[in-house]
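Note that the structure is a prediction, hence the values are computed from the model and not measured. Chain A is the first sequence line, chain B the second, and so forth, proteins listed ahead of strands; every chain is numbered from 1.
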Amino acid sequence: MAAKDRNTRDRAQRGASGKKIRFADRWQGYKSHHRDTIRVSLRKLLSEPLQTLMTVAVIAIALALPSALYLTVENIDQLGSHFESSAQITVFVKKGAKPQAIDSLRAELDAMSGVDSLSYISAKQALLEFKALSGFGSALRDLEENPLPAVFLVQPAVSEPIDMGQIKRLMNKINSFALVDDVQIDMAWLQRLHSLTEMGHKVVVALGAALGLGVLLVIGNTIRLSIQSRRDEIIVIKLVGGTNAYVRRPFLYTGMLLGVFGALAAAIMIYASLLWMSSSVANLAELYQSQYRLQGLGILGFLGLVGLGGLFGLGGAWIAVSKHLRDIEPK
Amino acid sequence: MICFDNLSKRYPGGFEALKNVSFEMDAGEMAFLTGHSGAGKSTLLKMLMLMERPTSGNLLINGKNLNRLSNSQIPIYRRQVGVVFQNHQLLLDRTVFDNVALPLQVSGYPSSEIGRRVRAALDGVGLLEKEQQKPIALSGGEQQRVGIARAVVHKPRILLADEPTGNLDPELSSEIMALFRRFQNVGVTVLIATHDITLINRMQLRIMHLEEGELTDDGAGYGR
């Protein structure tokens, strides 16, 4: 056949075909296709309720564990800052200081910026207190002189969050007075708490990473099984001109839905356990005359958890889809 | 419309399914492809579906060389081809309507358009009243007609069929063939692989014959 002949015929056919789809229609079709895909994915998940429930439960536990640990660490942090605001500096006065000198030291301390309030315990008072509280009263009676120094208790003016550097500077300044023997602050345990919560944060990240990987694998495996059970469907779709993106889409939505459902279930678990613990925490706080209350996820935490769940779901599905869909070609 | 140019297909392992096959089909032409099992009929159709790529030679559709199509362009190409399978390849968990709608859905047609076209296609094969049934509830002949409706719903320019009457009795077979004739009459190029010799001999149409991968008779000119 002559090439020219073929060309004229091709052009005629192109003109007569007339089955171009308008862009607006295509966009409409695309949108409704996405809606339908989500609906179909949802229906497929609900049609196997037990399987879906188990997958969602595994995802929920894997997401709830690091989230709960994160909340625990955050709450301990909060607790620490509650105590920090009651941090007290103990200023030991040199022994044998004259009462006038102590008075002028008191005035000087009082005038310092960064000092909120202070109280004075004389050496005699301290001894009486010690006798009364320690139970060594009779032993102390044999001492020739009072071994205890006079003490100022300084309450630093602090603002939240606590600036340890600021308190350290204040302590150094007080220490530079000639009459001051030593300055101490009982914050060692707070610092320990700080490093503990810091470590806790790191554990949260490590645990979160490990369990996040678990979620990826669980969803990836679920999607892999789903791909295998829908093999025929995939082949038919490819045969009638479905693109890889079209084939991929329902699986990605399924993964995302699983992740979101898992995150919602995890949020419910966390709220339930907070609810369960809140009354005992309130009781404990009352014993310490504290207004301390457990901190929950909050709106942002909730949205973050659900978003993360969806993202993990999408990621897991993506891994499974990119690994297994390529193998399914019509033969 | 279809032009095989010295096309060969050799599978890994050395089996030559097609050997230097050359033939042409005009637009609106209908032809049969015969030969024993393993003669290369299915392979030839797979070439036209781009399920296989030729080892050598060219395949031109509407003047376009399919060798030059990348893998990502395959879906777009397949949308201008309709295929009917012997085992009909219907999705059993979907209704007749949804099965037929599939080629339109993957091409991104709006749902109103899909409804109209699917009903037109089902009407064409006489199954309009069964649109909400599952394929499993239909007889073999009806299932095959659903497969045909799905193959033509997007108005392809080429219609391929692999043993479309393989499992049907003679009466149903000639019904199916009459359907194919109707599509040919509206300008579709139809190529049917079959070994139902008695049926196609009655139809007075072009018959191509494959033997061990070689086209021994291309039947050109017959019945035109």
Side chain to side chain, A:D232 and B:Q89, heavy atoms closer than 4.5 Å:
no

Within residues 35-65 of chain A, the residues sitting under 4.5 Å from chain B by heavy atom, in sequence order, are A:K44

So does B:H209 have more than 12 non-hydrogen atoms from other groups sitting under 6.0 Å from NE2?
yes

What residues of residues 90-104 of chain B sit under 4.5 Å from chain A when you count only heavy atoms?
B:L91, B:D93, B:R94, B:L102, B:P103

With heavy-atom distances below 4.5 Å as the criterion, would you say the side chains of B:R150 and A:V236 are in contact?
yes

Within the structure provided, determine whether B:V106 and A:I237 are in side-chain contact (heavy-atom separation under 4.5 Å).
yes

CZ of B:R10: more than 12 outside heavy atoms within 6.0 angstrom?
no

What part of B:F85 lies closer than 4.5 angstrom to a heavy atom of chain A: side chain, backbone, both or neither?
side chain

Heavy-atom closest pair (A:K238 atom, B:R78 atom, distance to 0.1 Å) is O-NH1, 2.9 Å

In Å and rounded to the nearest 0.5 Å, what is the CG to CE distance from A:L239 to B:M49?
5.0 Å

Residues of residues 246-270 of chain A within contact distance of chain B, non-hydrogen under 4.5 Å:
A:Y246

Taken in chain and number order and not counting sequence neighbours, the residues that satisfy side chain to side chain contact (heavy atoms under 4.5 Å, CB included) with A:L217 are none

Backbone N or O of A:V240 within a donor-acceptor pair of the B:R79 side chain at under 3.5 Å?
no

